[in-house]
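Presented below is the structure to which this report refers.
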Amino acid sequence: MTAAFAATRKSAEKRLTDGKPAEDDAQAASDLIQIPGAYYSGDTAKRKAVNMLLQQHDIAWLDSLAQTRAYAEMWKQGEALRQMYADLGWEAPWMQPKLEKLAIGTLSALEKQSLEKFFEAVKQLKAYPAWAGSGSKVESYIDSVVEDKLKRAAALAAGGKFEEASSLYLALGTYRDTSKELQAMEAQALTRDPKRSLAKAGAQGRLTAATPLKAKDGSVQAAALSDEGPKSLLARLLPDGSVRRLEAPVDAGLKPVSIRYADMYGSGSEPAAAR
């Protein structure tokens, strides 16, 4: 039996140190772990010797995967190796930090390309809660990116760049609910750029006398006159952040020059009065 363990150790160590790291080296790692500590002058000496080999091998292998494989495959294989150690009851303290570092590096590169690619990768990371889940450095990094983008969107809205802000909020909405932020932005837009809000709601024709309004119930609105009809138009901000358009005909003989809100309809759901 002693000879068999010695031969297994020699073969496994050779496999892990010779040539390029490979996927099927996992069997060699498993073989080393299962050799009794007595063949290493005790468990402490065994752990030190085995971990030195495994850590060097695993980090080199994961780095190789990062350079040659798609990130999804890299994460899948890295998780398989981590799970193997867990199944064997072997502590491999280098695995989580390395997988976190690779994941954050990938996310950082994707975030520079597009938020769509970034959040696609984030969704895939949900499959690996052991090192990318709650409390992990990966989660902290993702949260920091999202918070930074939310601040950026708010700054765009404050600067009147509503289309850019809206696009950013919608992209972030694939990861977390941004309906409140969108609603606040649309309220800003209705007040500062009523023509934009009316156009977003589908208003046609040349718009004049575009005016921000506030209904009796406090809801933010915008109104304008369109030369198509002619007619008066009202844009109302809905709770989900979308904008609804209402219309009412205007006597062709009238030449209104301004718009004011009139609670003549009770609910505030109809266009404002033109004068």
Side-chain angles (χ1 to χ4, degrees), residues 1-112 117-118 120-145:
M1 183 64 71
T2 299
F5 280 131
T8 297
R9 176 180 175 180
K10 182 178 180 180
S11 175
E13 290 178 346
K14 180 177 176 61
R15 180 63 181 268
L16 292 170
T17 56
D18 286 358
K20 294 183 179 181
E23 181 180 353
D24 55 4
D25 289 347
Q27 184 57 55
S30 177
D31 289 343
L32 278 182
I33 289 170
Q34 295 181 75
I35 293 174
Y39 294 90
Y40 285 87
S41 301
D43 290 338
T44 301
K46 171 191 171 180
R47 183 168 294 280
K48 182 178 179 180
V50 171
N51 277 359
M52 182 177 68
L53 286 176
L54 295 181
Q55 182 172 353
Q56 291 176 350
H57 171 276
D58 294 348
I59 289 177
W61 180 58
L62 290 169
D63 284 339
S64 176
L65 289 178
Q67 296 172 8
T68 60
R69 304 286 183 89
Y71 66 78
E73 181 64 18
M74 171 184 66
W75 294 341
K76 180 180 179 181
Q77 299 228 21
E79 170 61 13
L81 180 59
R82 186 205 66 79
Q83 189 60 54
M84 182 199 76
Y85 288 134
D87 291 343
L88 291 170
W90 187 262
E91 292 184 18
W94 58 89
M95 286 300 298
Q96 179 166 335
K98 185 60 179 178
L99 290 170
E100 287 179 332
K101 182 178 180 180
L102 289 173
I104 291 172
T106 297
L107 291 175
S108 177
L110 292 173
E111 186 263 325
K112 291 179 175 64
K117 292 181 179 180
F118 175 83
E120 176 57 36
V122 168
K123 288 179 182 177
Q124 295 193 43
L125 281 170
K126 290 181 179 180
Y128 310 112
W131 48 271
S134 178
S136 70
K137 290 182 178 179
V138 176
E139 182 189 55
S140 295
Y141 176 76
I142 294 169
D143 288 344
S144 71
V145 170

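Note that the structure is predicted; figures quoted are calculated from it, not measured. Residues take their numbers from the sequence shown, with the count starting at 1. Scope of the values below: all heavy atoms of this structure, side chains included, with no hydrogens, waters or symmetry mates.
Trp90 is not listed as a side-chain neighbour of Leu32, based on a closest heavy-atom distance of 4.5 Å or more. Leu53 places a side-chain heavy atom less than 4.5 Å from the side chain of Glu13.
The structure places NZ of Lys46 at 10.0 Å from CG of Asn51, a figure rounded to the nearest 0.5 Å. Glu91 contributes atom CD, which lies 11.5 Å from atom CD1 of Ile33 (distance to the nearest 0.5 angstrom). The structure places CG of Leu81 at 8.0 Å from NE2 of His57, a figure rounded to the nearest 0.5 Å. For the atom pair Asp25 CG and Arg15 CZ, the distance stands at 4.5 Å (nearest 0.5 Å). One distance of note links NZ of Lys76 with CD of Glu79; it measures 11.5 Å at 0.5 Å rounding. Between the CG atom of Leu54 and the CZ atom of Arg47 there is a distance of 10.0 Å, given to the nearest 0.5 Å.
Across Leu107 and Phe118, no two heavy atoms sit closer than the pair O-CD1, 3.4 Å. The nearest pair of heavy atoms linking Tyr141 to Ser108 is OH-CA, 3.2 Å. Of all heavy-atom pairs spanning Ala26 and Met84, the tightest one is O-SD, 3.6 Å. When all heavy atoms of Ala12 and Ala28 are compared, the closest pair comes out as CB-O, 3.5 Å. Considering all non-hydrogen atoms of both residues, Leu110 and Ala121 come closest at CD1-CB, 3.5 Å.
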For this session: Check the pair Val138, Val122 against side chain to side chain contact (heavy atoms under 4.5 Å, CB included), reporting the backbone distance first and the verdict last.
Result: CA-CA 9 Å; Val138 176; Val122 168; over 6 Å; no
For this session: Assess whether side chain to side chain contact (heavy atoms under 4.5 Å, CB included) is satisfied between Thr106 and Met74, documenting all intermediate values.
Result: CA-CA 10 Å; Thr106 297; Met74 171 184 66; 3.7 Å; yes
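One side chain, Gln34 or Ser30, offers a donor N or O that lies under 3.5 Å from an acceptor on the other. No donor-acceptor contact under 3.5 angstrom links the side chains of Thr44 and Lys48, judged on distance only.
Remark: Arg69 is not positioned above the aromatic ring of Trp75, lacking an NZ or CZ atom under 6.0 angstrom from the ring centre and at most 45 degrees off the axis. With a 6.0 Å cutoff to the six-membered ring centre and a 45° limit on the axis angle, Arg82 does not count as a cation-pi contact of Tyr128.
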Could you list the donor-acceptor pairs under 3.5 angstrom formed by side chains in residues 93-102, with sequence neighbours left out?
| residue | atom | partner | partner atom | Å |
| --- | --- | --- | --- | --- |
| Trp94 | NE1 | Asp58 | OD2 | 3.0 |
| Gln96 | NE2 | Glu100 | OE2 | 3.2 |
| Lys98 | NZ | Asp63 | OD1 | 2.6 |
| Glu100 | OE2 | Lys137 | N | 3.3 |

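Lys117 and Glu120 are not joined by a salt bridge, as no carboxylate oxygen comes within less than 4.0 angstrom of a charged side-chain nitrogen.
Side-chain atoms of Ser11 never come within 3.5 Å of backbone atoms of Ala7 as a donor-acceptor pair (strictly under, hydrogens ignored).
In this pair, Phe5 and Tyr39 present their aromatic rings tilted. The plane angle is within the 30 to 60° band.
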